[in-house]
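One-based numbering along the sequence shown. This structure is a prediction, so every number in the text was calculated from the model and none was measured.
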Amino acid sequence: MAQLPTGWERQTELAPPEEQLQNAIEASGLAPKRPVRCILDGKVHRFAVAGDKNTEKAGWYVAFGDNIPAGIFGSWRGSMEEKWRGDTGRIFSPEEAVAYEARLVELQAIRDAERRKRYKQISSAVQNIIANAQHASPENAYLARKRVGVYSIYQTGDGRLIVPVIKDGTVVSAQYIEADGSKQYHGGGEVK
């Protein structure tokens, strides 16, 4: 068998699945603030992305690295989500393709459980904020300008309004309104 000239070594060396997932996340447009060091253990891992403030980590991934490396990743902010399958250097059999699809369903269930847990934590935090807030004053600059009553609106000590976001009778998040009318939802809360 003929020898390849020097420099013609096989260039199809595959990156480890962890690196493949990291590359997929970076190529997706999520814009991680730092390189994501992926762990393929079937748990949800979070990372900071562009637009995150302070200690927020809206980016997330969950993946398995067994026979068919598979995962999903995205951002809690917005609806960006992508499926990922590692390149093993071979074509998958029909049975492996079915196993990959089943693995995706499992990963989505893990992601959904994490999302529910996160929403519950945010809901509890917002309920605590509201419990310690005052009812909004009818003289609040924003309410007076809009000619709106106080209804079930609260106010922070610095004058921002707190408008509860309610789903199925439970406060799940809040919108904060500054005197100038600028608005912001509580980070990570359920708003849909």
Side-chain angles (χ1 to χ4, degrees), residues 1-126 165 167-168 170 172-173 185-192:
M1 184 168 179
Q3 292 271 339
L4 292 173
T6 304
W8 285 67
E9 291 82 16
R10 186 171 179 220
Q11 297 296 314
T12 58
E13 192 74 25
L14 294 173
E18 295 84 357
E19 190 177 323
Q20 290 180 38
L21 177 56
Q22 177 184 344
N23 293 339
I25 290 170
E26 290 172 358
S28 71
L30 277 178
K33 287 187 173 181
R34 289 174 274 308
V36 179
R37 301 291 175 230
C38 295
I39 302 168
L40 310 183
D41 61 358
K43 296 178 183 173
V44 174
H45 296 272
R46 297 179 59 189
F47 55 92
V49 296
D52 282 352
K53 297 178 182 126
N54 302 321
T55 59
E56 282 184 317
K57 292 183 177 179
W60 60 270
Y61 74 88
V62 58
F64 288 104
D66 50 12
N67 191 32
I68 304 171
I72 52 176
F73 60 89
S75 173
W76 297 121
R77 185 180 300 114
S79 58
M80 190 284 183
E81 180 176 299
E82 285 190 24
K83 296 174 185 174
W84 168 80
R85 183 175 77 186
D87 183 356
T88 61
R90 61 184 173 77
I91 297 174
F92 293 116
S93 69
E95 294 81 15
E96 289 174 317
V98 169
Y100 167 72
E101 292 299 325
R103 184 49 63 101
L104 285 178
V105 170
E106 182 180 355
L107 290 165
Q108 290 165 338
I110 293 168
R111 179 227 34 225
D112 290 345
E114 179 69 18
R115 183 179 286 155
R116 284 189 301 275
K117 176 182 163 189
R118 188 164 181 260
Y119 282 163
K120 187 175 181 180
Q121 290 170 338
I122 297 297
S123 174
S124 179
V126 170
V165 175
K167 177 180 177 184
D168 298 328
T170 302
V172 295
S173 188
Y185 282 101
H186 192 93
E190 189 174 5
V191 294
K192 291 184 181 176

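Using bins of under 30°, 30° to 60° and over 60° for the plane-to-plane angle, the ring pair Tyr61/Phe47 lands in the tilted bin.
The closest side-chain heavy-atom distance from Lys43 to Val62 is not below 4.5 Å. Side chains of Val165 and His186 form no contact here, defined as non-hydrogen atoms less than 4.5 Å apart.
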Begin from the C-alpha positions of Glu101 and Lys83 and carry the test salt bridge (charged side-chain N to carboxylate O under 4.0 Å, His left out) through to its verdict.
-> CA-CA 10 Å; Glu101 292 299 325; Lys83 296 174 185 174; 5.1 Å; no

Worked check of side-chain contact (heavy atoms from CB on, under 4.5 Å) between Phe73 and Val36 = CA-CA 12 Å; Phe73 60 89; Val36 179; over 6 Å; no

Between Val98 and Glu95, does a side-chain contact (heavy atoms from CB on, under 4.5 Å) hold up when you go through it step by step?
-> CA-CA 5 Å; Val98 169; Glu95 294 81 15; 5.8 Å; no

Could you give me the CA-CA distance, side-chain angles and deciding distance for Glu56 and Lys53, then say whether salt bridge (charged side-chain N to carboxylate O under 4.0 Å, His left out) is met?
-> CA-CA 6 Å; Glu56 282 184 317; Lys53 297 178 182 126; 5.8 Å; no

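Side-chain N or O atoms of Ser28 include one that pairs as donor or acceptor with a backbone N or O of Ile25 at under 3.5 Å.
No more than 12 heavy atoms of other residues, nucleotides or ligands shown are found within 6.0 angstrom of CZ on Arg34.
Here the shortest heavy-atom pairing between Ile122 and Gly187 reads CD1-O, 3.5 Å.
In this structure, Glu190 CD and Ser173 OG are separated by 8.5 Å, a value rounded to the nearest 0.5 Å. Note that the CZ atom of Phe92 and the OH atom of Tyr100 stand 9.0 Å from one another [nearest 0.5 Å].
By the 4.0 Å N-to-carboxylate-O rule, Glu106 lies close enough to Arg103 to be salt-bridged with it.
Judged purely by distance below 3.5 Å, without hydrogens or angles, the side chains of Gln22 and Glu26 pair a donor atom with an acceptor atom.
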